Amino acid sequence: MNVAYKYDEKLLELKETANGDDIEFLITLFDSELKKRLIKVREFFEDNKILTDIHYYIHPNNKYQIIVRKDFYNEFLIQLFRQELLQEIKWR
Amino acid sequence: MSTQAIIAIGVFLITYAFIVTEKIHRTIIAMAGGIMMVLLGIIGQEKALQHIDFNTLGLLTGMMIIVAITAETGLFKYIAIWAAKKVKGDPLKILVVLGIITALGSAFLDNVTTVLLMVPVTFSITRQLRVNPIPFLITEVIASNIGGTSTLIGDPPNIMLGSAVKELTFMAFINNLTAISFFILFVNIAILAFIYRKQLRTSAELMANLMDMDEKEEITDKTLLRKSLIALTVTILGFFLHQLLHIESATVALTGAFLLLLLTGEKYLDKAFLKVEWTTIFFFIGLFVLVSGLIETGVISKLADYSVHLTGGDVKSTAILILWVSAIASAFIDNIPFVATMIPMIKDMGELGVSNLEPLWWSLSLGACLGGNGTLIGASANVIVAGLAAKEGHSITFGKFLLIAFPLMILSIIICTVYIYFRYLI
């Protein structure tokens with residue numbers, strides 16, 4: 001997507017790339033306390049009974065790879081905002 | 001034949017027809033059929049209650065509670081990712097290990113629960129590797145039905161058999177069905193791996209990505225995991241020892257379930273009870289009452305008498321007939337009502353002079369459980385996985401499944417025929 005994300009760079013890093021038809025987010029947390037918030041994002045999508053909306057992969061050193069289906073992109077961003085992991089989105 | 005018997009057959013056949021056509025939920029139909037038996041005076045309420053097998057119901061409920069709480073820990077995701085990493089992220093090998101894990105899970109939990117736990121992690125792994133999930137899902141469905149065959153608690157027909165026949169203990173199932181089930185499992189997985197080998201290719205980069213995953217982070221609650229593992233260990237040990245301890249399998253499962261709830265406290269009580277499949281429990285209750293109408297009016301005895309005349313009371317031909325009829329019937333209709341009808345019939349065959357019932361019980365179990373692999377509607381696990389896959393845009397059609405699974409089911413039953421013949425009939 002042609003957007004720029006604003007977040008607290010001291011706490012996390014967020015990169016967005018295309019992955020086939022989907023969008024992939026690579027999130028690195030510098031503060032382990034934020035894990036709980038990311039878990040809440042995951043739980044939101046696990047509770048909706050759709051199995052392929054997001055795929056959540058945990059890598060070592062607090063790195064998270066999240067593949068988001070295109071039709072759930074907006075919802076995913078809303079959940080990142082809700083957990084205050086994102087602060088702003090701007091058109092590039 | 002008495003008027004009561006004719007009415008009982010009518011109610012039974014109408015109920016069965018509705019179950020087969022699946023126009024109305026099977027639980028509603030089974031309960032309606034059972035209630036009709038009582039309302040029409042075929043069987044009194046007291047007698048109907050006596051025919052409800054509370055051992056089967058207790059065993060199912062207890063295991064459902066244990067699994068509901070254990071699933072909260074992330075244990076099953078951990079196992080699947082750990083196994084995928086052990087085979088270096090190779091899709092073909094992952095197909096094999098996920099099949100084996102599903103079979104092992106189905107042997108000690110129930111098929112439907114196992115596939116419900118395996119499907120999400122399968123989608124996740126196949127998406128990471130960018131491979132088609134359908135070969136994995138079909139393998140897991142087939143493996144779950146085979147794994148369920150191997151123990152008393154693995155598949156509803158076995159639970160019903162173990163409950164109805166005192167000699168068919170947990171250890172008896174282990175001694176008679178586990179080895180042959182796992183032999184059949186390896187044959188099936190080998191053939192499936194061969195069929196799908198060309199679809200299961202990915203890049204080294206994607207495999208490396210999977211290898212980098214940290215499965216330990218999937219365990220969300222370590223304290224709950226410890227408690228769940230204690231309860232699971234006590235329960236499985238209890239199953240191995242239940243004959244020695246003179247306790248029924250339902251007592252074992254309910255002990256495990258409420259020990260776990262004691263350890264976890266009220267926090268999980270509501271969640272665990274919400275996850276119990278009450279529709280399945282009431283389906284069983286309806287069926288037990290429905291079949292009791294046939295038992296009490298002497299219809300089952302008549303059928304047994306007819307079957308004994310057909311085979312001349314010969315154990316060999318009766319066993320092989322039961323194996324094949326159960327398998328073909330279970331491929332197209334629900335195996336639970338089929339087994340519920342067959343159990344009293346085989347018991348009556350014993351009273352009519354068939355001396356050795358053991359091969360008949362194992363034939364019924366193998367036929368009814370493995371027959372479910374024949375078609376997409378043959379077992380609950382098949383229907384559930386196909387439904388989940390379709391919802392996610394991966395359609396497993398009746399024809400596609402039939403083409404792969406029906407020949408595999410026939411091969412499995414041929415293997416069982418050889419096994420039953422050489423182990424019990426010569």
Side-chain angles (χ1 to χ4, degrees), chain A residues 11-76 79-80 83 85, chain B residues 71-74 76-78 80-82 84-85 89 115-134 136-137 140 202-203 205-221 271 274-275 384-395:
Chain A
L11 298 178
L12 67 114
E13 185 187 53
L14 186 147
K15 284 180 196 160
E16 185 204 283
T17 50
N19 182 329
D21 291 338
D22 304 327
I23 302 115
E24 182 175 310
F25 288 86
L26 278 171
I27 300 174
T28 309
L29 302 178
F30 303 129
D31 180 353
S32 292
E33 279 302 301
L34 291 183
K35 263 178 166 178
K36 286 177 199 156
R37 297 195 211 167
L38 208 50
I39 287 171
K40 280 193 178 150
V41 174
R42 182 185 193 178
E43 282 172 354
F44 174 85
F45 288 99
E46 279 182 352
D47 287 345
N48 71 2
K49 308 226 180 232
I50 299 163
L51 303 176
T52 55
D53 47 3
I54 69 160
H55 294 290
Y56 186 97
Y57 308 98
I58 311 172
H59 294 278
N61 306 318
N62 287 338
K63 282 188 181 155
Y64 299 85
Q65 175 199 7
I66 304 165
I67 302 174
V68 182
R69 221 167 74 185
K70 232 175 193 165
D71 46 339
F72 285 90
Y73 176 71
N74 292 349
E75 189 60 64
F76 181 70
Q79 292 309 313
L80 288 181
Q83 296 304 326
L85 292 162
Chain B
E72 295 282 312
T73 64
F76 301 101
K77 284 177 198 149
Y78 168 86
I81 296 169
W82 172 83
K85 284 175 73 176
V115 294
L116 280 175
L117 293 167
M118 292 303 292
V119 168
V121 75
T122 302
F123 274 123
S124 188
I125 290 173
T126 53
R127 177 62 186 84
Q128 177 74 288
L129 296 172
R130 288 196 209 168
V131 289
N132 181 3
I134 288 180
F136 295 83
L137 298 177
E140 284 165 18
T202 188
S203 70
E205 188 196 344
L206 292 172
M207 278 159 70
N209 234 348
L210 189 136
M211 290 303 290
D212 188 47
M213 280 168 71
D214 186 357
E215 69 277 16
K216 288 189 194 104
E217 284 287 325
E218 292 291 345
I219 302 291
T220 48
D221 188 336
K271 218 171 196 177
L274 274 174
K275 293 257 173 98
I384 283 172
V385 172
L388 287 173
K391 216 172 78 182
E392 305 300 331
H394 300 280
S395 159

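No hydrogens, no waters, no symmetry mates; every other heavy atom, side chains included, goes into these values. Residue numbering restarts at 1 for every chain, and letters A, B, ... go by the order of the sequence lines. Keep in mind that what you see is a predicted model, and the values were worked out from it rather than measured.
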Please determine whether the number of non-hydrogen atoms from other residues, nucleotides or ligands lying under 6.0 Å from atom [atom1] of [X] exceeds 12.
X	atom1	result
A:Asp47	CG	yes
A:Asn61	CG	no
A:Lys40	NZ	no

Under a 4.0 Å N-O cut-off, is there an ion pair linking A:Asp22 with B:Arg127? yes

Charged N to carboxylate O under 4.0 angstrom, A:Glu24 versus B:Arg130? no

In terms of heavy-atom pairs under 4.5 Å with chain B, which of A:Glu46, A:Lys63, A:His55 leads? A:His55

Which atoms of A:Ile67 are under 4.5 Å from chain B, going by heavy atoms: the side chain, the backbone, both sets, or neither? side chain

Side chain, backbone, both or neither of A:Lys35 within contact of chain B (heavy atoms, under 4.5 Å): side chain

In terms of heavy-atom pairs under 4.5 Å, which option from B:Glu217, B:Gln128, B:Lys77 contacts chain A the most? B:Gln128

With respect to chain A, which residue among B:Thr220, B:Ile81, B:Asp214 yields the maximal number of heavy-atom pairs within a distance under 4.5 Å? B:Asp214

Does B:Ser124 offer a backbone N or O that forms a donor-acceptor pair with the side chain of A:Tyr57 under 3.5 Å? yes

Find the distance between NZ (B:Lys391) and CD1 (A:Ile50) and round it off to the nearest 0.5 Å. 6.5 Å

Test item: A:His59 and B:Asn209 side chains (from C-beta on) under 4.5 Å apart, heavy atoms: yes

Within the 4.5 Å heavy-atom criterion, are B:Leu388 and A:Leu51 side-chain neighbours or not? yes

Toward chain A, the part of B:Glu215 with a non-hydrogen atom under 4.5 Å: neither

Please flag which part of B:Lys216 lies under 4.5 Å from any non-hydrogen atom of chain A: side chain, backbone, both or neither. neither

